[in-house]
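Computed from a prediction, not measured in an experiment: that's the story for all the values here.
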Amino acid sequence: MATTDSLVTRSAPCDLPPEEFREIGHALVDSIADFLHALPDAPTAANLLPDSLRSTLGQRAMPEEGRDIAPVIEEFREKFFRLSTHNGSPRFFGYITSSAAPIGALADMLAAAVNPNCGAWALSPVATEIENETISWLARFMSLPGTWDGVLVSGGNMANMVGFTAARTAKAGWDIRANGLTADDARRLVLYTSKETHTWINKAADIGGLGTSAVRWIATDHELRMRVDALEESIKADLAAGLAPFMVIGTAGTVGTGAIDPLPAIAAICKKYNLWFHVDGAYGAPAVALADASDDLKGLRLADSIAIDPHKWLYSPLEAGCILTRHASALRDAFAFKPHYYQFDDNEGQEVKNFFEYGPQNSRGFRALKIWLAFQQIGANGYRRMISDEIALAHRLHEMIGGHDSLERGTVSLSITTFRYVPHDLRGAADDGSLTNYLNELNARIVTAIRLSGEAFLSNAYLEGRFMLRACIVNFRTTLKDVAVLPDLVVRTGRELDATLRPASLAAHGRTHLAGGITGSRTS
């Protein structure tokens, strides 16, 4: 039990005296600077599988008593830097997780020092105003017409879900917040998106109570873009069945191939049928700022809401997503409640923004600071140049792949290139399905082998049943030299794996290899 004297002269174990904080902080900043400097030459990932990683990290009993934290930080820092997947590496081509601008690390430290709760203006007056300005800058960067409002969230999934919820509230046709989906005047809500849309929509339909069967997956064309004719046919069929279409989702840069849906044509369909037009621009939206942006991409400016992910192509550290809408009241209509214990409106009649009314979070961190500072360091023109460079690098990679007789080109769009390894003697071979299965297995193993090598990091996409290697460039450290090593690395890895995998695969499936391909099963 605490005594009166101990409470008067209280010493909290979590505090750090200024000199100790400086010593630990300076050492940590120095080590981070060294880490960032060494990134171009560091492995893209540790060559450890999960059990080996757990063994290397070890297990610790929960401490009952505190200890000097400096050596703990030093020990963890070394392992953290060495054993992590380095998405900041110039040869990290795996997922749409960008290299984080170093200013973001300083911004997060500064934000954490004050620790504002950006749920209400009274709790975070400076941070709220900076977030407002950041939202305005994002809209201006994309040249969005008129007045747009929004809120920063954790990432693309949440930005899209918030847009989905705003659309559901705005277009339901009854008081869905009060009476839910089973109200007397409710109808079955349905929505539309392409087959290439990210899986966030499944989560949204589930959490939002519609069920995943409410999602109409619209067919795509040969470029993996939504077919507008199929979209309109589906809407008409649902209307005829007495259902309630409320939303269409177009994508500005699909996660698999970077495909851009025909957004202007989708906007026209939405206007015709009075549907909410949402654009998932989590990846590709920043590219609309380029002078040579396609007309399809510029169509995002016609949307009712847009999801954008600054921790993708604006190089912010995780987490940083944003939902923008041209309808100023849409987010408050979908999320605002005013319980009696929230006394945040005593501002002598002056208008303020309380962000807890704009999304699902009440307590919110100061995510805006890293975006706001980065815009001031980099400038809009700096962002345009980096984005343009990375699109050019993806297209150069696509060209290089065409020069290899064991590589098959797939797609290229925005900064994503897809391709696969096909052994030279199997190019053009007849296929009864066995060849595709084998090549899918081979290329999947190439992805794993390259990741474990630490030489680069790739992911995958599927094109008409073919497992493709996928290189996505959203990295300001990546140069043409980094891109140029990739084709040879894939070919070398593919040859090594094919030499052992093909005989084993054929034997397992009772098949025989002939010159130029794989034939059918042996006859007895």
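Using a 3.5 Å distance cut-off with no hydrogens or angles, the side chains of D333 and T169 do not pair a donor with an acceptor. Residues T418 and T411 bring a donor and an acceptor atom of their side chains to less than 3.5 Å of each other.
Judged purely by atom type and a 3.5 angstrom limit, R364 has no side-chain atom pairing as donor or acceptor with the backbone of N117.
Comment: R54 engages D51 in a salt bridge, judged by a side-chain N to carboxylate O separation of less than 4.0 angstrom. At a threshold of 4.0 Å, the pair E408-R420 counts as salt-bridged, since one of the basic side-chain nitrogens sits closer than that to a carboxylate oxygen. Note on E131 versus K353: no salt bridge recorded, every NZ/NE/NH1/NH2 to OD/OE distance being 4.0 Å or above.
Take F355 and apply the ring-ring contact (aromatic ring centres under 6.0 Å, His included) test, not counting sequence neighbours, and it matches Y358. For F366, the ring-ring contact (aromatic ring centres under 6.0 Å, His included) criterion is met by no residue, not counting sequence neighbours. Scanning for ring-ring contact (aromatic ring centres under 6.0 Å, His included) contacts around F92 gives F457, with sequence neighbours left out. Y315 pairs by the ring-ring contact (aromatic ring centres under 6.0 Å, His included) definition with F476, not counting sequence neighbours.
Residues in residues 170-181 take part in these side chain to side chain donor-acceptor pair (under 3.5 Å) pairs, two or more places apart or across chains: K171-N274.
Atom CD of Q376 is surrounded by more than 12 heavy atoms from other residues, nucleotides or ligands within 6.0 Å. Heavy atoms from other residues, nucleotides or ligands lying under 6.0 Å from NZ of K195 number 12 at most.
Between K370 and A320 the shortest heavy-atom distance is CE-CB, 4.1 Å. When every heavy atom of P245 is checked against every heavy atom of L239, the shortest pair comes out as CD-CD2, 3.6 Å. In terms of heavy-atom proximity, C322 sits nearest to P310 at N-CD, 4.2 Å. Residues E390 and V474 approach most closely at OE1-CA, 3.5 Å, considering heavy atoms. Taking all atoms of both residues into account, the shortest heavy-atom contact from I323 to A159 is CD1-O, 3.4 Å.
Atoms OG and CG, on S194 and L224 in that order, are 8.5 Å from each other to the nearest 0.5 Å. Between the CG atom of L300 and the CD1 atom of I266 there is a distance of 11.5 Å, given to the nearest 0.5 Å. Atom-to-atom distance recorded for I96:CD1 and W313:CH2 is 9.0 Å, nearest 0.5 angstrom. For the atom pair OH of Y192 and CZ of R216, the computed distance is 6.0 Å after rounding to the nearest 0.5 Å. The CG atom of L463 lies 12.5 Å from the NE2 atom of H222; values are rounded to the nearest 0.5 Å. Atom-to-atom distance recorded for R367:CZ and H311:NE2 is 10.0 Å, nearest 0.5 angstrom.
Of the candidates T251, N160, T193, N160 is the only one forming a side chain to side chain donor-acceptor pair (under 3.5 Å) with H278.
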Would you give me the side-chain donor-acceptor pairs under 3.5 Å for residues 378-387, sequence neighbours excluded?
unit_1 : atom_1 : unit_2 : atom_2 : d
N381   : OD1    : R384   : NH1    : 2.6
Y383   : OH     : L314   : O      : 3.3
R384   : NE     : A289   : O      : 3.3

